[in-house]
Amino acid sequence: MTRIPSKVEILQWIADNPTKSSKREIAKAFGIKGAARIDLKAVLKDLESEGRLQKRRSSYRDPGQLPPVSVIEITHTDSDGDLYAKPLEWSGEGPEPRILMVLRASDPAIGPGDRILGRLTEIPGEDYSHSARMIRRIGTNALRILGVFRAGSEGGRVIPIDKGSDKQWSVAAGATGGAKDGELVEAEQAGPKGRMGLPKARIIARLGDPTAPRAVSLIAIHQHGIPDHFPDEVVAAADAARPAPLGNRVDLRDKPFVTIDPADARDRDDACLVETTESGFTIWVAIADVAHYVTPGSALDREARKRGNSSYFPDRVVPMLPDTLSGDLCSLHEHVDRAVLVAEMQIDPQGNKTGHRFHRAMIRSQGSLEYAQVQAAIDGAADPITAPLLNSVLKPLYAAYDALKTARARRQPLELDLPERKIELSDDGKVIGVNFKDRLDAHRLIEEFMVLANVAAAETLIAQKTPLLFRDHEEPSPEKLDALREVANGSGLQLAKGQVLKTAHLNRLLGQAEGTDHAELINMATLRSMTQAYYAPENMGHFGLALRAYAHFTSPIRRYADLIVHRALITAHGWGADGLSPWDIENLRETGEKISATERRSMLAERDTTDRYLAAFMQDRIGTELTGRISGIAKFGVFVKLDETGADAMVPIRSLGAEYFHYDSETQTLMGADTGRVIGLGMKAQVKLAEAAPVTGGLIVELLSLEGATLPKGPTRGRGRPGKRKLGSARKKAAKSARKVKRRRK
């Protein structure tokens with residue numbers, strides 16, 4: 001006969017396992033099966049009636065214990081300036097828990113009366129029972145204003161930085177937050193118009209000098225028109241959302257899914273696992289079921305389509321969806337039930353996909369892991385979190401990745417090697433370093449799994465003849481290929497002509513450049529030759545990935561295109577009424593054009609922000625000599641990519657010396673009319689930093705030497721066109737100089 005645990009044993013187990021407290025999990029923990037579950041249910045009912053257990057949805061918890069994520073209210077600030085809070089849900093017999101708030105520099109300003117969703121950690125032995133980190137502030141959604149504060153006799157005004165806004169906001173004396181005249185501030189609406197006829201605002205954040213680093217991303221957000229404020233109805237809709245029920249979903253909660261993300265990830269929209277089979281591997285990729293929460297035509301849907309995607313900056317994220325969804329209900333946190341769409345894919349030992357199918361399911365992630373943490377475990381340095389997962393979860397992931405690498409090598413997608421810069425900021429927003437992100441096998445593993453899932457989604461919808469948005473990437477134009485060929489030839493490398501272009505041909509060129517002084521130049525030139533990828537209802541294939549059909553399925557939290565693909569899968573499988581609407585289908589082309597534009601908008605804003613941060617970082621180094629390579633040639637000057645930071649600095653043509661320089665757009669060179677000196681792409685350059693302008697992100701440098709040869713100095717001369725005879729002589733000299741340069745490069 002099966003032994004039923006005592007009430008004390010059950011209470012102790014629930015206390016030790018606060019995230020695993022359903023009747024099913026309790027039964028599993030004590031080995032209770034079959035009819036004995038009826039007896040267990042009776043014991044749980046007794047505990048509930050005695051007030052010693054509290055049932056929440058399908059789980060039990062000790063009412064004297066707080067859940068790991070809870071809504072709390074700020075109560076007061078102590079004499080040391082620390083904020084304390086209380087839980088809004090408390091039915092224990094003991095005193096109400098006292099919670100210490102642990103705030104980050106990026107958290108919004110909060111005070112007594114504010115309610116937040118917090119992640120709680122029990123802290124025994126202190127004068128407070130728990131600490132809490134903010135997930136998001138709730139219950140407030142005041143209009144935000146970014147502008148310059150102008151102090152007055154009774155407070156002051158905020159003048160918005162938006163070019164199209166001529167409305168000013170009055171700030172009462174007690175609502176300035178200590179802001180000084182001329183500072184960039186973030187304010188929020190504080191009430192109706194005052195006696196001067198201006199709307200009222202209160203300053204919630206001082207961002208200092210408008211040219212200072214912390215202001216950089218906010219300025220870019222406003223300059224490029226990226227919406228960074230959710231309307232009230234959108235916030236209300238997100239706050240009203242509740243966790244998706246199991247319903248008709250496939251129950252996959254017993255499978256050991258894990259998420260693998262950057263260390264600073266705030267949302268986790270994909271989880272994966274691998275099962276080894278006799279014929280190869282089964283790869284499971286689970287993606288947050290955003291379509292359940294963001295339904296066609298809703299306020300959330302309209303706002304998500306308007307934004308198109310999330311925008312990422314060094315110091316902040318402008319999300320596509322409110323944090324209630326992106327950071328909580330749609331984020332695949334560990335040990336929490338989450339609704340997902342799952343791609344189940346079979347591959348053989350050579351990495352060929354032999355089959356796939358999709359499920360609408362429920363999972364429970366077994367671990368929120370980081371890239372470096374996973375890689376360290378595989379490399380022999382497992383920590384207490386990864387050690388139990390190493391053999392059962394992590395090693396199968398890498399085994400399947402090894403097979404996919406074999407298939408990738410056959411497919412030959414474009415293999416660009418362009419290190420990604422990471423700007424490191426201090427807590428006050430100052431740039432303290434510019435580094436290049438590590439590229440680990442853990443990163444590549446997840447990328448390959450996501451590509452496979454995206455291909456499976458496209459193939460399924462094509463087979464079902466369901467409308468969708470493809471991710472199209474067309475091959476380079478003949479003109480761009482000719483320009484790339486000129487750069488390659490100038491570097492002593494070859495790109496074959498007169499054949500149907502394949503990514504393998506470009507990879508061969510990149511392979512020739514690998515390990516040489518021209519590697520970065522050739523990678524950059526190849527990237528510039530590519531067309532811009534876009535979203536459209538027609539399948540044009542994906543040239544860069546060397547795939548016949550491709551659709552984005554794996555990031556619906558941050559890309560609207562993925563949400564459309566999720567709806568298409570729901571429609572194709574008959575999973576519910578929240579699939580594609582008639583309006584979605586009718587406006588598919590317009591949606592593709594719109595979100596392609598918002599993607600480019602975010603890229604420009606992110607690039608401008610990076611440039612401004614780099615300029616701020618270099619501002620204290622005026623007069624410093626730096627090394628780099630010529631990365632661009634234009635009529636008005638030369639661009640040098642600096643080795644240390646990867647920033648692009650400009651050498652104005654007027655500063656190159658006394659002679660006239662002739663610009664050749666075909667060869668991307670400048671030639672000196674008097675000396676025949678040739679300045680071309682990829683040349684090593686030594687420069688001196690002359691100017692750094694954080695407001696514009698511009699860096700101006702003086703060219704000191706090329707290819708180790710010091711340049712002569714002299715007064716600048718007018719840009720008048722030289723005579724034909726002189727230009728002809730210059731061309732002869734330039735050709736001779738170019739041949740010498742080419743021989744040196746070989």
Side-chain angles (χ1 to χ4, degrees), residues 146 161-165 216-231 234 269 290-291 294 296-313 316-322 326 454 457-458 467-477 480 527-545 549-568 580-581 583-612 697:
L146 183 73
I161 65 166
D162 291 333
K163 292 180 180 179
S165 177
V216 168
S217 58
L218 287 174
I219 291 172
I221 288 165
H222 283 255
Q223 279 186 335
H224 289 276
I226 296 174
D228 66 336
H229 176 81
F230 286 107
V234 174
D269 55 6
V290 176
V294 184
S298 65
L300 282 164
D301 181 45
R302 292 193 301 271
E303 185 68 15
R305 185 174 182 268
K306 174 184 174 182
R307 295 180 177 226
N309 51 267
S310 299
S311 301
Y312 294 84
F313 302 94
R316 73 190 69 236
V317 176
V318 180
M320 186 179 79
L321 300 172
S326 62
N454 288 337
L468 74 148
L469 283 175
F470 291 95
R471 180 62 166 177
D472 289 333
H473 184 226
E474 299 181 56
E475 67 181 46
S477 67
K480 287 191 173 183
L527 177 63
R528 288 170 181 164
S529 73
M530 293 295 107
T531 59
Q532 180 78 45
Y534 61 94
Y535 297 105
E538 294 85 22
N539 179 23
M540 305 300 291
H542 198 294
F543 175 80
L545 291 173
Y550 195 63
H552 275 162
F553 157 75
T554 54
S555 293
I557 286 178
R558 61 184 180 91
R559 292 188 306 224
Y560 192 79
D562 303 55
L563 176 57
I564 290 291
V565 170
H566 276 227
R567 288 178 183 166
L580 288 172
S581 69
W583 191 94
D584 283 336
I585 296 171
E586 183 181 348
N587 293 274
L588 208 53
R589 180 178 304 283
E590 181 188 338
T591 297
E593 292 171 353
K594 181 177 179 61
I595 63 179
S596 296
T598 59
E599 179 185 45
R600 289 191 289 272
R601 176 181 67 184
S602 293
M603 289 172 61
L604 289 172
E606 291 162 11
R607 187 185 68 188
D608 287 352
T609 300
T610 297
D611 288 345
R612 288 189 174 103

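One is the number of the first residue; the rest follow in order along the sequence. Every value quoted in this text rests on a predicted model; they were computed, and no experiment measured them.
Applying the side-chain contact (heavy atoms from CB on, under 4.5 Å) test to E475 and every residue at least two apart in sequence or in another chain returns F543. Annotation: ring pair (Phe, Tyr, Trp, His ring centres under 6.0 Å) contacts of Y535 (sequence neighbours excluded): H552. Applying the side-chain contact (heavy atoms from CB on, under 4.5 Å) criterion to K594, with sequence neighbours excluded, gives R305. Shown here are the salt bridge (Lys or Arg N to Asp or Glu O under 4.0 Å) partners of R302, two or more places apart in sequence or in another chain: E233. Residues forming a ring pair (Phe, Tyr, Trp, His ring centres under 6.0 Å) with H566 (at least two apart in sequence, or on another chain): F553. With sequence neighbours excluded, the residues satisfying side-chain hydrogen bond (donor to acceptor under 3.5 Å, both in side chains) with R589 are E538. Partners of D562 under the salt bridge (Lys or Arg N to Asp or Glu O under 4.0 Å) rule, at least two apart in sequence or in another chain, are R559. Looking at residues two or more places apart in sequence or on another chain, you find a salt bridge (Lys or Arg N to Asp or Glu O under 4.0 Å) between R567 and D301, D584. Residues that satisfy the side-chain contact (heavy atoms from CB on, under 4.5 Å) test with D608, not counting sequence neighbours, are H224, R612. Partners of E599 by salt bridge (Lys or Arg N to Asp or Glu O under 4.0 Å), not counting sequence neighbours, listed by chain and number: R471. Under the ring pair (Phe, Tyr, Trp, His ring centres under 6.0 Å) criterion, H473 pairs with H542, sequence neighbours left out. In this structure, the side-chain contact (heavy atoms from CB on, under 4.5 Å) partners of L588, at least two apart in sequence or on a different chain, are P467, L469, P537, I564.
The shortest non-hydrogen separation linking S217 to R316 is OG-NE, 2.8 Å. Residues L300 and P322 approach most closely at CD2-CD, 3.8 Å, considering heavy atoms. Y312 and R558 make their closest contact through OH-CD, 3.2 Å (heavy atoms, listed as atom of the first residue, atom of the second, distance). The heavy-atom pair separating A561 from I595 by the smallest distance is CB-CD1, 3.6 Å. When all heavy atoms are compared, the tightest approach of A457 to V565 is CB-CG1, 4.2 Å. Closest non-hydrogen pair, P319 versus S326, comes out as CB-OG, 4.5 Å.
Distance check, rounded to the nearest 0.5 Å: CG of N454 to CG of L545 gives 9.0 Å. Rounding to the nearest 0.5 Å places CG of L580 at 8.5 Å from CG of L468. Between the OG1 atom of T598 and the CG atom of N309 there is a distance of 4.0 Å, given to the nearest 0.5 Å. Atom CG in L146 sits 5.0 Å away from atom CG in L218 (nearest 0.5 Å). One distance of note links CG of N587 with CD of E593; it measures 11.0 Å at 0.5 Å rounding.
Although no hydrogens or angles enter the test, the distance criterion places no donor-acceptor pair under 3.5 Å between the side chain of S298 and the main chain of V294. Without hydrogens or angle criteria, S602 side chain to S311 main chain gives no donor-acceptor distance under 3.5 Å. Although no hydrogens or angles enter the test, the distance criterion places a donor-acceptor pair under 3.5 Å between the side chain of D472 and the main chain of M540.
Counting heavy atoms from C-beta on, the side chains of L604 and R607 come closer than 4.5 Å.
Under the side-chain contact (heavy atoms from CB on, under 4.5 Å) rule, Y560 has a single partner from R307, K306, M320, which is M320.
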